[in-house]
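Heads up, the thing below is written out as structure tokens.
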Amino acid sequence: MAKELAKQYDPKMVEDRIYKTWLDGKYFHAEINEGKPSYTIVIPPPNITGQLHMGHALDNTLQDILIRFKRMQGFDTLWLPGTDHASIATEAKIVEAMREDGITKDDIGREGFLERAWEWKRTYGGRIIEQLKKLGASCDWDRERFTMDEGCNRAVIEVFVNLYDKGLIYRGARMVNWCPTCGTSISDAEVEYEEKDGNFWHLYYPVKETGEFLELATTRPETMLGDTAVAINADDPRYKHLHGCHVILPLLNKEIPIVCDEHADMEKGTGVVKITPAHDPNDFEVGKRHNLPMVRILTYSGKMTGKTDKDEYDELIKSGKAATDEPEVLDTGKYAGMDVLTARMAILKDLEKGGFLKEIEPITHQVGTCYRCHTAIEPMVSRQWFVKMEPLAKPAIDVVKNGETKFVPERFEKIYFNWMENIKDWCISRQLWWGHRIPAYYCDDCGEIVVSRVEEHTCPKCGGNMTQDPDTLDTWFSSALWPFSTLGWPEKTADLEHFFPTNTLVTGYDIIFFWVARMIFSSCENMGETPFDTVLIHGLVRDAQGRKMSKSLGNGIDPLEIIEKYGADALRFTLATGNSPGNDMRFSDEKVEASRNFANKIWNASRFVLMNLNEKEPVPYIPDNIALEDKWILSKYNNLVKEVTDSLERYELGLAVSKLYDFIWDIFCDWYIEFTKTRLNSEGEEKETAKAVLVYVLSNTLKLLHPFMPFITEEIWQTLPHDGESIMISEWPKFDESLNFEAEETEMQRIMEAIKAIRNRRAEMNVPPSRKAQLNIITDYADTFNYGKQFFVKLASAAEINVGNSFESEGSVAVVTSDATIYMPLADLVDFEAERKRLQKELDVVNKDITMLSNKLANEGFLAKAPAAVIEGEKIKLEKAQEKFTNLTAQLEKL
RNA sequence: GCACAUUUAGCUCAGUUGGUAGAGCACUCGCUUGACGUGCGAGUGGUCAGCGGUUCAAGUCCGUUAAUGUGCACCA
């Protein structure tokens, strides 16, 4: 047993070594014990492309705190780790890397690309896992999963086929969000709206029948080539005469109808709207209502369509392979091949030339952008796979409504309901290669569609060759199954039986829609129940100025650097402190320094305790003949157990950690350790008692702190006398009624109040600690103060101490508390005039208190309606104030 | 436009069912007190954003205003 510890705590000497002992001990590994309650957390799987950032650090610290707490409480605890294939992000990264080598996806083909992708996964996929270990994460690494591993893949196919069979997955040409950069459709949730400067271009469209010009405005003039109608409101008096008329579409000289539709708002602009069904979500709906043709003018790479595009389409139509619900393709002629902005300028120029451009009105508007690459998304009609959401949303709303799943804090339920109740069908197909390939097969000859768990090569209808859909699924489709796919579903595994449904899901508010909501409805649908009972939502970690940490700002703080500099415990402690659920927090080095200092404080307190121990000390116990101060600390400690446990159970991790901080630093270190010093300097039973209580309180407090600061608590605990292999599998302390010593707490309070008052007095008078003073104490609590003599000597620079009924006050400074008047003969230092002023000032304060309290106690409303305990409390306060008043007046009179 | 959040000491933030406010950092003064100067002791500093209401009692509940932030919607 190494009792000599370094003066300062050095995390680097400790963390990796300790983590290895935990791994070797298999403490993270979850065992199934029949009949034992389980507690499960599934990790929000980080992207394989990812590096640990502060968001991960916070998220995983919170999870580790909960898991370690529950593990010590005796649950069968499983924290299931894993990573996400992150289709768009990963594919983009690999394409980027290939571009540097001058290779494109088409050069190497699908097979070649996937080989590279898997290679990437093998090389970098484990990186973030290693980083989580640095943080101290106690995940069951034996159960690590990957969203594209065999089991998850199977679950994905199973769910897809099931939903398809139920008619909840369908394929069709719908309005989707198209990202020209990523080259894929994305879901509504993946569109982020950004405020951008733009223009309203006011255009004229000539009316065929009347020859007049209809004015309308658009932010996207280039889409006019795809216009197939102009809409007006049926009730609009300005345009009554135009019902059933047509306009001639400028530039194309094409006749398109004027339709009456509610979409046209009389209040807005001129009340006339151009309708481009293939490139605008609202227009798409108008088109459906009026059976308008759809004309596509953009390729999937965001260029204006040309002759080849049109020929391709015509070919498909001829062969019967194009779906009838897909838009026809226009050869935009001179604009073909231009990107959107170039085409816009060219078209505007031509419109202006033709006299069709009335004016340009600058505006700012919200533009939808891709959440991955932030390019403006193009609304396009495209044939994709969708999940029919309405039937799935219903049960998912119910489980939250009826409390089977609770959000912490509760306010996030509103956001959840708001989304779920207005949900639109989910576009799940992506034009990417890295991901789960859609298990749909199409007959090359007759076009038959088969959705199947196994590969289909022959058409069941005509015997022709079948080809699998080239698209992959939205990454979030597989993450949505994470809570059960990782436990073995669709197999009925023992893990699934024991650990599902899981308990707490910890995540940031930014992925409630992407992930949390989808897990809930997926679980309701496939498992018949909610995937977790609690969703603990945390906020963002921002920089010291409150800005979001981002790559472009370069203000990100690397958690690994913080760990390197201050230790993982300090980082964890910082992230857990001053953080209330759902709120953002600011991160700064100063905060980590404070945490580091706290770790050092614990280290040194422990060093002190260890210094006083012999080679063989008994494991922590409470001796029989404990002293007043022992009862005081035990009572305080007991209360701490209750508060920390309650706070953790209510997910108030920040509150729990600050209680621990206060107890350890203020109560244990600043007071109790000091109280024990006299006894530790003695020999015999007294010393043994002090040691035992020190070890007991320290050791158990370390247990309470362990979930927050796992490394240092383990390191110290191992050095202290202990039972068992590791603090992380030791038993969580329980509140113990027999450790409640209220009377003794009050007694110690009297002594401590006096010590503080004396210190205060001496500091005001600039008496150095080296100058010891005699204390003459008049009090009604003679026994307590006689007992307290030892502490006055040690903590209040006292020399000789007398407790009695009256003393000569001449030439003394008086220190007045509600329990005692203490004279310090420091005649040479006393300024009597100042002394009088000070006493008067103190008296004023007490007087004010007395007035306030007696008014309150004279208030009939208060007496009639306030709870008895509160009234009693106020009475005691008043008594104390009055006692102090008496003591003070006596003093003043004597001066 | 709708909703939600935030507004407490110079700074960053706690404040658990309503009982007249706390911490860390910063600042001031003092301290080689044999665990720790990454420390110890003492102190300065707040009409808890404004207004109104409920209540015996409001930082805490309700309404309202303002500022800031976020989500959703609109955006021809």
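Computed from a predicted structure; not experimentally measured. Below, all heavy atoms of this structure are taken into account, side chains as well, without hydrogens, waters or symmetry copies. Residue numbering restarts at 1 for every chain, and letters A, B, ... go by the order of the sequence lines.
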Between [X] and [Y] (salt bridge meaning N to carboxylate O under 4.0 Å), is one present in this structure?
| X | Y | value |
| --- | --- | --- |
| Glu879(A) | Lys875(A) | no |
| Lys548(A) | Asp584(A) | no |
| Arg761(A) | Glu764(A) | yes |
| Glu617(A) | Lys691(A) | yes |

Short side-chain N/O contact to [N] OP1/OP2 from [X], under 4.0 Å:
| X | N | value |
| --- | --- | --- |
| Trp665(A) | C36(B) | no |
| Arg759(A) | A42(B) | yes |
| Asn418(A) | A3(B) | no |
| Asn855(A) | A57(B) | no |
| Asn597(A) | G39(B) | yes |
| Lys414(A) | C72(B) | no |

Distance check, [atom1] atoms only: [N] and [M], in whole angstrom units.
| N | M | atom1 | value |
| --- | --- | --- | --- |
| U8(B) | C13(B) | P | 9 Å |
| U7(B) | G39(B) | C1' | 36 Å |
| U60(B) | G71(B) | C1' | 26 Å |
| A21(B) | G46(B) | C1' | 8 Å |
| U17(B) | G1(B) | C1' | 37 Å |
| U44(B) | C25(B) | C1' | 15 Å |
| C74(B) | G15(B) | C1' | 40 Å |
| U33(B) | C40(B) | C1' | 8 Å |

Return yes if the base of [N] and the side-chain atoms of [X] contain a donor-acceptor N/O pair under 3.5 Å, otherwise no.
| X | N | answer |
| --- | --- | --- |
| Lys601(A) | C36(B) | yes |
| Arg586(A) | U12(B) | no |
| Asn681(A) | G34(B) | yes |
| Glu674(A) | A35(B) | yes |

(message) If you count heavy atoms of other groups shown closer than 6.0 angstrom to NZ of Lys848(A), is the number above 12?
(response)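 No, because the 6.0 Å sphere around NZ of Lys848(A) holds 12 heavy atoms or fewer from other groups.
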(request) State the CG-CZ distance between Asn855(A) and Phe862(A), to the nearest 0.5 angstrom. (result)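 Rounded to the nearest 0.5 Å, the CG-CZ separation comes to 11.5 Å.
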Can you tell me which nucleotide in [options] comes closest to the side chain of [X]?
| X | options | answer |
| --- | --- | --- |
| Lys794(A) | U38(B), G34(B), A73(B) | G34(B) |
| Asn583(A) | U6(B), G39(B), A42(B) | U6(B) |
| Tyr193(A) | C75(B), A5(B), U33(B) | C75(B) |
| Lys756(A) | C75(B), A35(B), A42(B) | A42(B) |
| Phe200(A) | C75(B), C72(B), A5(B) | C75(B) |
| Lys7(A) | A42(B), G37(B), C75(B) | G37(B) |

Could you state the [atom1]-[atom2] distance from [X] to [N], rounded to the nearest angstrom?
| X | N | atom1 | atom2 | value |
| --- | --- | --- | --- | --- |
| Met752(A) | G41(B) | CE | P | 11 Å |
| Arg596(A) | C25(B) | CZ | P | 11 Å |
| Phe412(A) | U6(B) | CZ | P | 10 Å |
| Asp584(A) | U7(B) | CG | P | 13 Å |
| Leu698(A) | C36(B) | CG | C1' | 14 Å |
| Leu694(A) | C36(B) | CG | C1' | 15 Å |

Between the protein and nucleotides 15-24 of chain B, list every N/O to N/O distance that falls short of 3.5 Å.
unit_1, atom_1, unit_2, atom_2, d
U16(B), O2, Arg650(A), NH2, 3.0
U16(B), O4, Lys659(A), NZ, 3.3
U20(B), OP2, Lys877(A), NZ, 3.1

(message) Given the ring of Phe608(A), does Lys677(A) sit roughly above its face, with NZ or CZ under 6.0 Å from the centre of the six-membered ring and within 45° of the axis?
(response)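 Here Lys677(A) passes the 6.0 Å and 45° test against Phe608(A).
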(request) Taking the six-membered ring of Trp201(A) (Phe, Tyr or Trp), confirm whether the NZ or CZ of Arg220(A) is under 6.0 Å from its centre and within 45° of its axis. (result)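 No.
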Can you tell me the pairing partner of [N] across any strand shown, Watson-Crick or G-U wobble, with both distances under 3.5 angstrom?
| N | result |
| --- | --- |
| A57(B) | none |
| G39(B) | C31(B) |
| C13(B) | G22(B) |
| U47(B) | none |
| A67(B) | U6(B) |

(message) Is it the case that the ring center of Phe514(A) lies less than 6.0 angstrom away from the ring center of Tyr371(A)?
(response)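 Yes, the ring of Tyr371(A) comes within the 6.0 Å limit of the ring of Phe514(A), centre to centre.
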(request) Could you tell me how the ring of Phe412(A) sits relative to the ring of Tyr509(A): parallel (under 30°), tilted (30 to 60°) or perpendicular (over 60°)? (result)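 The rings of Phe412(A) and Tyr509(A) lie parallel, inter-plane angle below 30°.
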(message) Assuming nearest nucleotide by heavy-atom distance, tell me which of Lys424(A) and Glu764(A) is located more 5' along RNA chain B.
(response)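 Per heavy-atom nearest nucleotide, the more 5' residue is Glu764(A).
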